[in-house]
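Computed from a prediction, not measured in an experiment: that's the story for all the values here.
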Amino acid sequence: QVQLVESGGGLVQAGGSLRLSCQASGRTLTNYAMGWFRQAPGKEREFVAAISWSGDSTTYADSVKGRFTISRDNAKNTIALQMDSLEPEDTAVYYCAAANSRYRRRNQDNYSYWGQGTQVTVSS
């Protein structure tokens, strides 16, 4: 079992930045690719970013490419999502997840463990 706890969400103005963190416990994250997903009110949960077990491969949704950066620190069992140039459309609950693979995945069906989510609100 892997327990995931997100932090770092909040309220920010458009154009601003936030850094989300996800702390894992229970198992070492070196066995898992990791991802970030988000769910806006009234919408389906969608893929944001993913990173391989080693951190050497990443992938992003087109809507966040160039603005968001996913990273991981396996020694600390954490992953992060640096979000810059935030837009009101980025408002959502953001979830950290651990994949059932060591290689990055975009489909949430490939993820076995999920955090409880952290709210990000971007005002215009």
Side-chain angles (χ1 to χ4, degrees):
Q1 283 280 10
V2 177
Q3 292 79 44
L4 302 171
V5 178
E6 303 94 338
S7 61
L11 173 64
V12 64
Q13 288 188 332
S17 298
L18 280 176
R19 184 176 179 86
L20 304 183
S21 296
C22 176
Q23 178 69 57
S25 61
R27 291 184 181 176
T28 176
L29 286 186
T30 53
N31 292 322
Y32 304 92
M34 299 295 295
W36 287 96
F37 293 79
R38 68 186 182 186
Q39 187 168 20
K43 294 187 177 181
E44 298 288 319
R45 188 164 58 188
E46 64 176 5
F47 169 76
V48 175
I51 187 167
S52 64
W53 71 276
S54 63
D56 63 353
S57 180
T58 58
T59 184
Y60 298 90
D62 288 345
S63 59
V64 307
K65 197 175 298 182
R67 299 188 297 122
F68 290 11
T69 304
I70 188 172
S71 61
R72 67 189 297 158
D73 185 337
N74 286 340
K76 295 182 179 180
N77 240 23
T78 61
I79 69 165
L81 185 69
Q82 177 66 39
M83 306 186 295
D84 298 319
S85 302
L86 282 161
E87 303 168 353
E89 293 73 23
D90 296 317
T91 295
V93 177
Y94 283 71
Y95 298 91
C96 165
N100 54 17
S101 169
R102 301 180 85 185
Y103 302 99
R104 54 179 176 81
R105 295 287 184 263
R106 299 171 68 95
N107 190 325
Q108 57 187 301
D109 291 340
N110 295 126
Y111 288 79
S112 300
Y113 303 102
W114 294 82
Q116 83 291 348
T118 185
Q119 176 70 48
V120 171
T121 303
V122 184
S123 64
S124 58

Task: Test item: R67 and Y60 side chains (from C-beta on) under 4.5 Å apart, heavy atoms - done: no

Task: Residues that D62 engages under salt bridge (charged side-chain N to carboxylate O under 4.0 Å, His left out), provided they are two or more places apart - done: K65

Task: Sidechain-backbone polar pair: D73 side chain, T78 backbone, donor-acceptor under 3.5 Å - done: no

Open item on the list: Using every non-hydrogen atom in the two residues, find where V2 and L4 come nearest and quote the distance to one decimal.
Closed with: CG1-CD2, 3.7 Å

- [ ] To the nearest 0.5 Å, tell me how far M34 CE sits from S71 OG.
- [x] 11.5 Å

TODO: Ignoring hydrogens and angles, tell me if any N or O in the side chain of E6 forms a donor-acceptor pair with the backbone of Q119 under 3.5 Å.
DONE: no

Task: Option from T59, D56, I70, T69 for which side chain to side chain contact (heavy atoms under 4.5 Å, CB included) with I51 holds - done: I70

Task: Residue pairs passing the salt bridge (Lys or Arg N to Asp or Glu O under 4.0 Å) test where at least one lies in residues 97-124, sequence neighbours excluded - done: none

TODO: Name all pairs fulfilling the disulfide (SG to SG under 2.5 Å) condition that reach into residues 27-70, sequence neighbours left out, sorted by first residue then second.
DONE: none

TODO: Apply ring pair (Phe, Tyr, Trp, His ring centres under 6.0 Å) to F37 and list each qualifying residue two or more places apart in sequence or on a separate chain.
DONE: F47, Y111, W114

Distance-only check: which donor-acceptor pairs under 3.5 Å involve side-chain atoms of residues 9-20, not counting sequence neighbours?
from : atom 1 : to  : atom 2 : distance (Å)
S17  : OG     : D84 : OD1    : 2.8
R19  : NH1    : Q82 : OE1    : 3.3

Open item on the list: I'd like to check the salt bridge (charged side-chain N to carboxylate O under 4.0 Å, His left out) partners of E89; sequence neighbours left out, ordered by chain and number.
Closed with: none

Task: Qualifying disulfide (SG to SG under 2.5 Å) pairs, either residue in residues 16-66, two or more places apart - done: C22-C96

Open item on the list: Could you measure the distance from the CD atom of Q3 to the CD atom of Q23? Nearest 0.5 Å is fine.
Closed with: 11.5 Å

TODO: For the residue pair R38 and V64, establish whether any side-chain heavy-atom pair is separated by less than 4.5 Å.
DONE: yes

Task: Residue pair M83, Y94: steps toward the side-chain contact (heavy atoms from CB on, under 4.5 Å) verdict - done: CA-CA 11 Å; M83 306 186 295; Y94 283 71; 3.9 Å; yes

Task: Counterpart residues, salt bridge (charged side-chain N to carboxylate O under 4.0 Å, His left out), relative to R45 (two or more places apart) - done: none

TODO: Tell me, please, which residues at least two apart from R72 pass salt bridge (charged side-chain N to carboxylate O under 4.0 Å, His left out).
DONE: none

- [ ] Could you note down all residue pairs passing disulfide (SG to SG under 2.5 Å) where residues 58-95 supplies at least one of them, sequence neighbours left out?
- [x] none

- [ ] Apply side chain to side chain donor-acceptor pair (under 3.5 Å) to R27 and list each qualifying residue two or more places apart in sequence or on a separate chain.
- [x] Y32

Open item on the list: Once rounded to the nearest 0.5 Å, what's the spacing between atom CG of L29 and atom CG of N77?
Closed with: 4.0 Å

TODO: Kindly give the cluster partners of W53, where membership spreads through any ILVMFWY side chain lying under 4.5 Å from a current member.
DONE: Y103

